[in-house]
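If you're wondering where the values come from, they're calculated on a predicted model, not measured in any experiment.
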Amino acid sequence: MIQLPANANVIVMHEAISFRNGIDGTAGIARAVLQREPMDGAFFVFRNKLWHMLRILYYDGSGFWLCTKRLSTGRFSCWPAGDGTAPCSPLMVRELQILIWGGDPYNLPVPASLS
């Protein structure tokens with residue numbers, strides 16, 4: 001897996017995409033739907049229609065990474081929904097790490113250093 005720096009820019013798309021898209025198709029979604037440049041170094045996170053797979057698109061300066069996680073059981077039931085005004089929203093790296101493992105990134109205790 002790609003190492004996620006603590007200060008990484010993470011963008012999560014609220015709606016599902018087709019995972020038949022490869023790198024070029026997924027980068028095209030980032031450009032057309034999310035209105036973001038996929039080569040800017042952000043981690044773009046997508047889910048499939050059945051809610052059991054996620055993909056992360058990342059450009060490391062020399063090429064794209066397209067990582068897929070499929071849960072063996074269950075679904076990503078706590079996918080970020082946003083406020084309905086934008087197709088995507090930012091996530092903190094620790095929220096993404098919880099999401100990757102099938103957890104709920106919004107029901108985490110706040111670290112003492114942030115409270």
List the steps, then state whether side-chain contact (heavy atoms from CB on, under 4.5 Å) holds for Met13 with Ile11.
CA-CA 7 Å; Met13 183 166 176; Ile11 306 296; over 6 Å; no
Evaluate side-chain contact (heavy atoms from CB on, under 4.5 Å) for Ile56 paired with Ile100, printing each intermediate quantity in order.
CA-CA 10 Å; Ile56 300 173; Ile100 287 171; 3.9 Å; yes
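Note that NZ of Lys49 is 10.0 Å distant from CD1 of Ile17, once rounded to the nearest 0.5 Å. Atom CZ in Phe46 sits 6.0 Å away from atom CD1 in Ile29 (nearest 0.5 Å). Rounding to the nearest 0.5 Å places OG1 of Thr68 at 6.0 Å from CZ of Phe19. A distance of 10.0 Å separates CG in Leu71 from CH2 in Trp101, rounded to the nearest 0.5 Å. Rounding to the nearest 0.5 Å places CZ of Arg20 at 12.0 Å from OG1 of Thr26.
Counting non-hydrogen atoms of other residues, nucleotides and ligands closer than 6.0 Å to CZ of Arg31 gives a total above 12. Within a 6.0 Å radius of CZ in Arg36, no more than 12 heavy atoms belonging to other residues, nucleotides or ligands are found. Heavy atoms from other residues, nucleotides or ligands lying under 6.0 Å from CD of Glu15 number 12 at most. The number of heavy-atom neighbours closer than 6.0 Å to CG of Asp24, taken from other residues, nucleotides and ligands shown, is 12 or below.
Cys78 and Leu99 get closest at one heavy-atom pair: O-CD1, 4.1 Å. Listed here is the closest heavy atom pair of Tyr58 and Ala42: CD1-O, 3.7 Å. The two residues Arg55 and Asn21 come nearest to each other via the heavy atoms NH1-O, 2.8 Å. Nearest heavy-atom pair across His52 and Gly74 is CB-O, 3.8 Å. Of all non-hydrogen atoms in Ser89 and His14, the two that sit nearest each other are OG-NE2, 2.9 Å. Between Val93 and Pro5, the closest heavy-atom pair is CG2-O, 3.2 Å.
Looking only at distances, a side-chain donor or acceptor of Asn48 sits under 3.5 Å from a matching main-chain atom of Met53.
Tested against Tyr59 for a side-chain contact (heavy atoms from CB on, under 4.5 Å), the candidates Phe64, Trp65, Phe44 yield a single pass: Phe64.
Under the 4.5 Å side-chain heavy-atom criterion for Ile, Leu, Val, Met, Phe, Trp and Tyr, Leu50 and Trp79 are members of distinct hydrophobic clusters.
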